[in-house]
Protein chains: 2
Amino acid sequence: MSLKYAVLAALLEGEASGYELSKAFDVSFANFWPATPQQLYRELERLAQDGLVEARFVQQERRPNKRMFTLTPAGREDLRAFAVEPPRRPSAVRDELLIKLQAMEDPEAAHALIEERMTWARGKLDRYERVRDRLLDGRTEDEFLRESDRVGPYLTLLRGISFEEENLRWCERVLAVLKHRVGRG
Amino acid sequence: MSLKYAVLAALLEGEASGYELSKAFDVSFANFWPATPQQLYRELERLAQDGLVEARFVQQERRPNKRMFTLTPAGREDLRAFAVEPPRRPSAVRDELLIKLQAMEDPEAAHALIEERMTWARGKLDRYERVRDRLLDGRTEDEFLRESDRVGPYLTLLRGISFEEENLRWCERVLAVLKHRVGRG
DNA sequence: ACCTCATAGTCAATTAGTTGAGTAGGTGCC
DNA sequence: GGCACCTACTCAACTAATTGACTATGAGGT
């Protein structure tokens with residue numbers, strides 16, 4: 001149900017192909033609603049059938065043809081109505097690493113997993129930083145927030161950034177605890 | 001696949017009924033692997049069939065009968081092997097509120113949603129605090145970390161706590177941004 | 001000449017997760 | 001005396017998500 005609105009929200013940024021959306025869902029949208037390309041294509045099909053998006057074929061010369069999708073007025077209205085309703089379900093985190101950590105008996109193995117997570121988090125922060133630069137487009141944050149019509153994308157990006165920063169701080173904390181335990185009984 | 005190991009990890013704390021597990025998945029485990037009671041009962045059935053847990057019927061007088069589940073050596077070994085492997089999939093957050101915020105045009109409505117989220121986050125922090133007190137059982141954190149055999153449950157709890165704290169900080173930030181926009185063109 | 005990567009998808013099968021109802025006795029509150 | 005909530009599940013139907021394979025074309029490197 002929510003994927004539907006995530007797709008509609010993504011199309012607020014303008015016309016896009018399924019492939020382009022799958023790129024967007026790989027970076028910014030992945031922070032709060034991950035989706036695979038297959039999910040997106042299926043959802044776009046449904047949305048088109050329901051008249052919430054409009055599809056148009058684009059013939060291409062040096063690339064495969066594609067379909068570009070745009071929000072219809074009905075889609076825009078549906079999204080607007082969704083946005084002001086309180087969420088039906090609470091936010092959920094699914095993190096396999098934490099299951100492993102919960103069960104872990106071997107501090108060395110735990111250390112390795114945490115290090116890996118930190119590398120990955122730093123990579124993600126780098127990518128967020130690039131998305132942020134593209135959004136701000138040379139302006140300072142204050143300028144952007146004053147000028148821009150829609151602050152939503154920036155605020156959700158901030159959530160992604162603060163999540164990964166906190167993630168890293170927690171990892172440091174875990175490493176400190178584990179350090180005391182390596183070589184211990 | 002991961003729910004399986006989440007259940008096994010939960011049973012590391014000792015024998016439990018499906019109902020008790022569903023309580024655990026409502027509080028501590030919900031931070032990193034949410035599951036409904038129905039999912040748990042189904043999973044326990046499978047685990048019992050695969051010989052990773054053992055079930056025993058317990059007749060009760062003033063309450064419905066129940067089945068208590070214990071880890072078998074095979075289950076323990078399967079979990080141990082899982083724990084030291086790097087995660088197959090990255091962590092995922094699913095948060096309907098962020099879809100709404102991404103799409104939001106109305107600062108007043110956004111304000112209301114964020115306030116609601118803050119109330120909810122404070123409630124969750126309170127519950128975590130109670131779980132923490134029960135874990136520490138009168139000891140200081142340092143004492144606990146030195147004495148306890150398994151630090152996993154404490155470290156995952158810390159992740160839940162730091163997640164919600166960061167959540168609240170981000171909410172404050174969003175409110176500050178929204179404040180500037182209310183009553184603006 | 002071959003191989004990999006990027007674009008731009010589709011199809012089918014399976015697993016995972018959600019929702020709602022039903023059963024059934026016990027406890028606590030006003 | 002009634003009603004809601006707690007314990008402790010089970011069943012069935014449904015929707016969502018994952019996985020892997022497949023189709024095509026072009027670009028760039030070795």
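Proteins get letters first, then strands, A, B, ... in listed order; numbering begins at 1 in each. Fair warning: this is a prediction, and the values are worked out from it, not measured in the lab.
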Legend entry - Cation-pi check, A/R67 onto A/F57 ring (under 6.0 Å, within 45° of axis): yes
Interatomic distance where [atom1] belongs to [X] and [atom2] belongs to [N] [whole Å]:
| X | N | atom1 | atom2 | answer |
| --- | --- | --- | --- | --- |
| B/K23 | D/dC9 | NZ | P | 12 Å |
| B/Q38 | C/dA16 | CD | C1' | 14 Å |
| B/E96 | C/dT18 | CD | C1' | 13 Å |
| B/K66 | C/dG26 | NZ | C1' | 14 Å |
| B/R67 | D/dT10 | CZ | C1' | 11 Å |
| A/Y19 | C/dC5 | OH | P | 13 Å |
| B/L21 | D/dT7 | CG | P | 14 Å |
| B/R46 | C/dT14 | CZ | C1' | 12 Å |

Legend entry - For A/T70, all residues meeting side chain to side chain contact (heavy atoms under 4.5 Å, CB included), sequence neighbours excluded: A/E15
Legend entry - Under the side chain to side chain contact (heavy atoms under 4.5 Å, CB included) test, residues paired with A/R63 that sit two or more places apart: A/Q60
Ion pair present between [X] and [Y], side-chain N to carboxylate O less than 4.0 angstrom?
| X | Y | result |
| --- | --- | --- |
| A/D78 | A/K4 | yes |
| A/E164 | A/R127 | no |
| A/R80 | A/E77 | yes |
| B/E85 | A/K100 | no |
| B/E43 | B/R46 | yes |

Legend entry - Pairwise distance OG1(A/T156) to CD(B/Q102) - rounded to 0.5 angstrom: 4.0 Å
Inset, instruction - Specify the residue among B/R94 and B/F69 whose closest nucleotide of DNA chain D lies further upstream toward the 5′ end. - result: B/F69
Inset, instruction - List, by chain and number, the other hydrophobic cluster members for B/F163, where Ile, Leu, Val, Met, Phe, Trp and Tyr join if side-chain heavy atoms come within less than 4.5 Å, directly or indirectly. - result: A/V93, A/F163, B/V93
Inset, instruction - Name the residue closer to the 5' end of DNA chain C, choosing between B/M1 and A/M68 according to the nucleotide with the nearest heavy atom. - result: A/M68
Inset, instruction - Report, as yes or no, whether the 6.0 Å neighbourhood of atom CD on B/E54 holds more than 12 heavy atoms from other residues, nucleotides or ligands. - result: no
Inset, instruction - Enter the inter-axis angle for the ends of the helix from C/dA1-D/dT30 to C/dC30-D/dG1 (five pairs per end, rounded to 10°). - result: 40°
Is any side-chain N or O of [X] closer than 4.0 Å to OP1 or OP2 of [N]?
| X | N | answer |
| --- | --- | --- |
| B/Q39 | C/dT18 | yes |
| B/R42 | D/dC11 | no |
| B/S17 | D/dC9 | yes |

Legend entry - Modelled atom types, side-chain donor and acceptor of A/E141 and A/Y154, under 3.5 Å: yes
Inset, instruction - Strictly below 4.0 Å, heavy-atom distances to any atom of DNA chain C: list the hits from residues 55-65 of chain A, or just say none. - result: A/Q60, A/R63, A/P64, A/N65
Inset, instruction - Residues of residues 79-93 of chain A with any non-hydrogen atom less than 4.0 angstrom from an atom of DNA chain C: list those, numerically ordered, please. - result: A/R89
Legend entry - Selection from D/dA17, D/dT10, C/dA16 that lies nearest to any side-chain heavy atom of B/Y41: D/dT10
